[in-house]
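Lettering of chains follows the sequences in order, A, B, ..., and the numbering in each one begins at 1.
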Amino acid sequence: MKRYDCMLELSRLVSDELVILSLGGSVDEWYNAAPHMRTASLFQQQLGCVTPEAFGLAVGLPHQRVISLDTDGGLLFNLGILATLGNEQPPNLFIVVWDNESYQSIGGPPTHTATGRVDLAAIARGAGVEQSHTVRTLAEFAEHCQAGLAATVPYLVVAKVEGGAQPGIKRKHSDGREDKYIFVRHVEATEGITIMGPSEHN
Amino acid sequence: MQQEAVTAVISGLKRAGVSVVCYLPDSLFKPLYPALDADPELRTIRVTNEGEGASICGGVFLSGQRAVLVMENSGLRAAVEPLARMGLGAGIPVVMLMSYRGELGENNWWAIPHGITMEPVLNALRVPYRIVREQADIEQAIVDSYESSYASYYHSAVVLGGGIVR
């Protein structure tokens, strides 16, 4: 199963949601797979930060569905967030973990999931995120995306995907700072709120 | 920590518009945590480490609500990685309220590193901060911290030390 194909599936299911996603090859892939979600997606180069940030966003916007596109390396960096989610039970947070069993962005050395002993969905269930599932086919992935996007409890899908990034796709040119402004202005417009307003004197 | 200081912290957070509090409890702020939990205007989130707490606060910022990360100053070291990435890499601010462990007069050997490293780490990250030792200054320091962070879109910190916490 290819991550890019999964993203195309997910892309078809989303429109009004907010997305925070992890670093590496998945950034350019999501940028291409879901062009209608570009301003609604925060592209962050932050190992271990993605799901906690998505949770914070979900807390602040309880009426909004928030999607975290995390990775095996990113989740392993901070497994504690699973225990926090298990206790907090955010009803509007859907998490996809792209598990390619490697640190792909630096050339592909294995993560701890590569041995087959470490089961991220089982860890999540043990931490109290009961709706945690591992999928290996596109059909399973699509089915769990539909369930996760409609869930009223935190929902986590570990998507076992092949290594390597989708070739020949357009690169995103913006950096983290520009991405933040784009995302914040999107949230301001859709929510009718001010997050980054004017100074006392301009 | 006296009840009056707890009240001043909560007043400062409310004046600053804070609605979400992430914390990893410590001993110097011991009475503060149940008071935060009990306040109906504040949503408290207990975290497993301060780096996770910083990241959650960053997400809350993106929602338009205001968050604070409450912790012992040792938690600053655990939070350095997400603080550097969010603050220096994206301009996503986190306001921190920390207790001053390891200040002059510290009588626990294990707390000495916290005092030695706190200000150098804050300075390495270029985080503006104020060390408050008088109860009367707590509320305004918290308000000032938010004013700065929402002008710079960068982190800031208030450190409570001296007789406030000892």
Side-chain angles (χ1 to χ4, degrees), chain A residues 18 20 23 42-64 66 68 74 77-88 90 93 127 174-184 186-188 190-201, chain B residues 17-25 37 42-69 71 75 78-95 143-144 146-155:
Chain A
L18 296 173
I20 296 187
L23 74 178
L42 186 66
F43 301 86
Q44 294 284 272
Q45 295 287 332
Q46 298 176 11
L47 206 65
C49 292
V50 171
T51 295
E53 267 193 74
F55 170 52
L57 184 63
V59 167
L61 296 172
H63 53 280
Q64 174 65 272
V66 176
S68 170
F77 196 92
N78 174 27
L79 288 169
I81 185 61
L82 295 172
T84 301
L85 296 178
N87 282 333
E88 294 290 334
L93 180 61
S174 52
D175 65 5
R177 202 164 284 269
E178 184 175 352
D179 290 344
K180 180 206 63 173
Y181 279 98
I182 292 169
F183 183 79
V184 163
H186 173 87
V187 175
E188 287 179 331
T190 54
E191 296 292 326
I193 58 174
T194 299
I195 299 171
M196 302 178 74
S199 293
E200 183 183 6
H201 303 291
Chain B
V18 173
S19 56
V20 178
V21 180
C22 290
Y23 72 75
L24 196 143
D37 285 336
L42 299 172
R43 158 93 185 256
T44 52
I45 299 169
R46 290 178 230 188
V47 298
T48 63
N49 68 74
E50 295 85 350
E52 177 194 322
S55 305
I56 294 171
C57 287
V60 173
F61 164 80
L62 296 168
S63 78
Q65 292 202 40
R66 292 190 174 196
V68 65
L69 175 60
M71 60 190 179
V80 163
E81 168 67 2
L83 287 174
R85 291 199 180 242
M86 286 192 298
L88 295 168
I92 295 173
V94 177
V95 176
V143 171
D144 288 347
Y146 281 87
E147 288 288 342
S148 289
S149 277
Y150 277 76
S152 63
Y153 299 113
Y154 195 60
H155 318 310

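With Q65(B) contributing its side chain and G60(A) its backbone, the two residues share a donor-acceptor pair below 3.5 Å. Of the possible donor and acceptor atoms, none in the side chain of R46(B) sits under 3.5 Å from a partner among the backbone N and O of E88(A).
The parts of V59(A) that come within reach of chain B are both its backbone and its side chain, each placing non-hydrogen atoms under 4.5 angstrom from that chain. The part of A83(A) that comes within reach of chain B is its side chain, from C-beta onward, which places non-hydrogen atoms under 4.5 angstrom from that chain. Neither the backbone nor the side chain of L18(A) comes within less than 4.5 Å of any heavy atom of chain B. E191(A) does not touch chain B: none of its heavy atoms, backbone or side chain, sits under 4.5 Å away. For L79(A), no part lies under 4.5 angstrom from a heavy atom of chain B. Only the side chain of I193(A) comes within less than 4.5 Å of a heavy atom of chain B; its backbone N, CA, C and O stay farther away.
Across all their heavy atoms, L88(B) and R177(A) have their closest contact at O-NH2, 3.1 Å. Nearest heavy atom pair, residue F55(A) against residue I56(B), reads CD2-CD1, 3.7 Å. Considering every non-hydrogen atom in both P52(A) and E52(B), the closest pair reads CB-O, 4.0 Å.
Summarising the local packing, NE2 of H201(A) is surrounded by 12 or fewer heavy atoms from other residues, nucleotides or ligands at distances under 6.0 Å.
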| said: Using side-chain contact (heavy atoms from CB on, under 4.5 Å), reason through I195(A) and L62(B) one step at a time and then give a plain yes or no. | reply: CA-CA 7 Å; I195(A) 299 171; L62(B) 296 168; 5.9 Å; no
| request: Show the numbers, then the answer: is there a side-chain contact (heavy atoms from CB on, under 4.5 Å) between F61(B) and M196(A)? | output: CA-CA 10 Å; F61(B) 164 80; M196(A) 302 178 74; 4.0 Å; yes
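A distance of 8.0 Å separates CD1 of I81(A) from OG of S55(B), quoted to the nearest 0.5 Å. The CG atom of N78(A) lies 11.5 Å from the CD atom of E81(B); values are rounded to the nearest 0.5 Å.
Highest contact tally toward chain A, considering only V20(B), V47(B), I45(B), is held by I45(B) [criterion: heavy-atom pairs under 4.5 Å]. In terms of non-hydrogen atom pairs under 4.5 Å with chain B, the most contact-rich of G80(A), P198(A), G48(A), A54(A) is G80(A).
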